Amino acid sequence: MVENLNYYFLLAGMLIALSVLASRVSARLGTPLLLLFLGLGMLAGEDGVLGIQFDDASTAYLIGNLALALILLDGGLRTRLSTFRAGLRPALCLATFGVFITSGLVGLLAMWLFDLTLIEGLLVGAIVGSTDAAAVFSLLGGQSVHLNERVGATLEIESGTNDPMAIFLTITLAEILTGQLTGVAAGVVSFLLQFGVGAGMGLAGGWLISRLMRYLDLAPGLYSLLALALGLSLFATTNEMGGSGFLAIYLCGLMIGNHPGRHLEHILPVHDGLAHLSQIVLFLMLGLLVSPSTMLHFALPAAALSFALILVVRPLAVIICLKPFFRFRWRELWFISWVGLRGAVPIVLAIFPVITGVENAAVYFNVAFFVVIISLLVQGSSLAPMARRLKVIVPPGAQPSRRNLLGIMPVNDYEMLVYRVDNTALEGVALRMLRFPSGAKVGALFRSKVLIHPKGSTCLHQQDVLCVVGRSCDVPSLNRMFNGESLQHEQRAFFGTFTLEGGASMQDIADVYGLTLSQGEQQLTIGEFITRRVGGVPVVGDDVDWHGIHWVVNEVAGNRITKVGLRLH
Amino acid sequence: MTLDQILPPERTLYGVPGGSKKRVLEFFSTFIAQNIPSLDSQEVFSRLIGRERLGSTGIGHGVAVPHARSPHCKTPIAAFLKLGDPIDFDAIDGEPIDLLFVLLVPEEADDTHLTLLGQVAELLNSPTNRSALRQADSQRALYDVLTSAIAELPAR
C-alpha cells in the first residue's frame, strides 16, 4: 500500500483536475457537467483505458455519505430564507407527498419491468425518488437563466428538503427486505425520530453554530473549516441519535447562511468549491463502480423506467401535490415537472442495498445509473430552452460585476460594487449629474485599466469601470442606473412601457382605459386584484391577461405588489 | 388610425417652458383648449393629472406620455412638447424629462386608445428617435423628425 501511495495520489489528483478542466468544456458545449465526470470515471474504470478495479461498496458508501452531506450543507448555505415566502409550502408538499407518489409509482412500474416483489420494486422507487439540488442549480446557474421567484424557490427548497425523505424510504425498505424491521409501529417511530430529531438538531445546532461564528474572530480561511467541521459533527451526532443527519445538515447550513455577518463571505465560496468537489467525486466514483459490460443487460427496461419517470410519474406527482392547493399556472407546473433532475442522491442510495446485503443489489445500482444518466441527458441539457419556452423566466437587470464587503460595520456593512458603463445614455455625463442614492459614493473610476481620480466634473464614457461604495439597500437603484441598453430593451418588452402603482384603484384604471369591471372588483386596488388572481403570493413576472392588456407584476414588497407594468399586446 | 393623422404641425411645440409636472400639464391643457374649442382646459387637466396619480407616465430616458380619455373629444388628438428645461416627472427611472407625447382619445375609443399608446411607446423607446428629437433645433425640424420617425414605424 505505502509504495503505491504516490500512484494513488497521482491518479486521484489527475482525475479531479481533469474533471475540473472538463467543466470549462461543459460550459461551452452546454452539456451537463456531471455526465463528463461520469464518463471520465468510466474511462478510468474496469472496462476503460486505465482498467482500475473498484468495487468496494463500503468505501463507496462512506465517500457517498460524506459527499452528500457536503452538498446538502452547501445547498442550505445558499438557500435564502426570503425565498420561503413564495416557495416553502409547495416545496414541502413536493418533498414529502411528492417523493411518496414518485417512489410509489416508479416502484410499481419497476416491479413489473424487472419482475421484482412489491417491496423490492418500491425500493427502486425510493432510490430514484428525490431530485438533486446541486445538479439543478449548477445547471441553471451555469446558463444564466433567471427563473421567476415562485418556480425558482419551489425547486430550490424542494431539492434541498426531499433527500431526507428518499433516504428514509430507502433505509426503511432495505431494512424490511433484510428482516431488520418488523411491524408498522416500528416504522412509524423511526419516521418520527428521523424527521423530529433531524429537524430539531439541525435548527438548534445551526442556530448555535451561526451565533458562534459571528462571535469568533478567526483567520478568514478558518471560518469555512469550522463550518465544515461542526456541520459534520452535527450530521454524525444526529445520525447516532436516530435522526436524519441529512436533514440536520441542510437546516444547519440554512441557519448559518441566513445569519448575516462578515464570516459568510469567507464560507460561501469555499463550500461552493467543496460541493463541486463532492459532485465530481460522486460521479467519478459511480463511473468507476459500474461495469458497462454487465449493465447493458438492464439498458432497455431501465431506459423505459427513466422515460416513464420523466414524462409521466414526475408530472403526475407535481400536479397532484401542487394543482389543488397552490395557484401555479400550467406552464409553471410543466417546468417544475421538467426539473425533476436526478443526481447524486440516487447514486449514494443505490449503494445502500449492496451494503446491507439485500438480494439483487445489482438491479438497484444499474437502474439508478440509467435513471440518473438519462435524466441528466434529457432534462439537464434542455433546462434553459425549456425555461424560455414555458416563459418562467424574468429578464435580469444589471448586476454589479463584483461585490465585496468592506468590513466597516458588523451588520449592514458597506460594500464595494463594481459596475461597467454599458449605456449610451451615460456617455459624457458628469459624475455629479448622476442621481446617486444618498449613501453611495464613487470610490474609483478605471478607463482602459488606468485609474482616474473621480471628481464631480469627471465625464463617463462607455466601458468605464466604476467602483461604488454603498450598502446593499443602494444596489437596486444603482442597478437601474447602470442598466445596459439591451437589458433595458428586454425588460421593457417583458414588463411593458407603462407602469402603474400597485395601490392604484381598479375603478380609476377602468375609467382611464375604458374597461368594464365586474361586481366586487370596484373596491380593489390593481395590486390586490392581481394578488387574488395569482393566488395570494405574487412574484415579479406574474402576469394577468385582462381586457386585452397584460398586467405584469414589476415590483413587490413582501406579499404586496408595488408596481405593475402594462404590456400592450 | 396612425399617429401622423392625429398630430398636425401646429400641435408640435418647441421650447415649452418647464417648471414642474403640474405647470407643464396646465400649459398643455390651456393650449389644447385654444386649439380645439370643444375641449375644456380644466377637464383635460384633471383627467391627465388623474392618470398620473395611478402611476407616472414618465417611461424613462427623459420621455413622458401623458394620456387620458375625454368625453368632449371627437377623435384622437396628439401633441408633442419639447421642453426648454427638463423637469422632474417621477419617471420610472427617476430621470428628469424633456420630451412629452400627449394623447387624448374619445371615451368610446378603447381599442384605438391602446393601439395608439403602443405606437407612441414604440416611437419613443427607440434611442435613435429620442436623440434625433433632442437634436432638433426648431419647431419645424422637430415636426420633420417626428413625421419621418412615425413613417418608419412598422405597419400594424
Side-chain angles (χ1 to χ4, degrees), chain A residues 397 423-427 429 433-437 476-486 488-493 495-516 525-527 547-551 554-555 561-569, chain B residues 46-71 73 76 86 88-96 101 103-128 130-131 134 154 156:
Chain A
N423 190 341
T424 46
L426 292 176
E427 176 70 39
V429 175
M433 300 305 287
L434 292 180
R435 307 190 140 217
F436 258 67
S477 52
L478 289 171
N479 283 348
R480 257 201 305 281
M481 188 183 301
F482 293 105
N483 225 346
E485 264 147 0
S486 59
Q488 280 178 10
H489 184 78
E490 242 178 83
Q491 282 180 315
R492 199 154 35 212
F495 292 114
T497 301
F498 295 98
T499 310
L500 298 174
E501 299 293 328
S505 102
M506 288 294 276
Q507 186 64 60
D508 294 347
I509 294 172
D511 286 346
V512 169
Y513 293 103
L515 314 172
T516 35
T525 66
I526 179 78
H547 283 292
I549 303 178
H550 274 295
W551 309 77
N554 193 337
E555 194 182 273
I561 297 175
T562 50
K563 283 200 171 11
V564 177
L566 250 77
R567 196 166 65 207
L568 308 163
H569 311 292
Chain B
S46 69
R47 296 244 168 189
L48 288 173
I49 281 288
R51 170 61 188 84
E52 294 302 322
R53 276 198 208 103
L54 304 177
S56 171
T57 55
I59 60 173
H61 300 291
V63 176
V65 188
H67 54 276
R69 297 194 306 157
S70 166
C73 198
D88 188 29
F89 212 79
D90 307 316
I92 179 133
D93 59 356
E95 294 290 316
F101 200 113
L103 198 62
L104 292 178
V105 294
E107 291 248 275
E108 57 277 4
D110 304 336
D111 285 344
T112 327
H113 190 182
L114 297 180
T115 316
L116 289 173
L117 269 180
Q119 288 179 22
V120 176
E122 197 161 339
L123 181 74
L124 294 171
N125 278 341
S126 144
T128 336
R130 284 196 304 267
S131 73
R134 292 210 166 93
R156 298 237 164 198

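Below, read A as the first sequence line, B as the second, and so on, with proteins coming before strands; counting in each chain starts at 1. The structure presented is a predicted model; accordingly, all values stated were derived computationally and were not measured.
- Between Arg51(B) and Pro66(B) the shortest side-chain heavy-atom distance does not fall below 4.5 Å.
- A donor-acceptor pair under 3.5 Å links the side-chain atoms of Ser131(B) to the main chain of Thr128(B), judged by distance alone.
- Side-chain atoms of Val105(B) and Thr112(B), non-hydrogen and from C-beta on, never get closer than 4.5 Å to each other.
- Only the backbone of Ser56(B) comes within less than 4.5 Å of a heavy atom in chain A; its side chain stays farther off.
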Requested in this report: Step by step, work out the side-chain contact (heavy atoms from CB on, under 4.5 Å) result for Phe101(B) and His67(B).
Outcome: CA-CA 8 Å; Phe101(B) 200 113; His67(B) 54 276; over 6 Å; no
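- Both the backbone and the side chain of Val65(B) come within contact range of chain A, each with at least one heavy atom under 4.5 Å from a heavy atom of that chain.
- Of the atoms belonging to Leu117(B), heavy atoms from both backbone and side chain fall under 4.5 Å from chain A.
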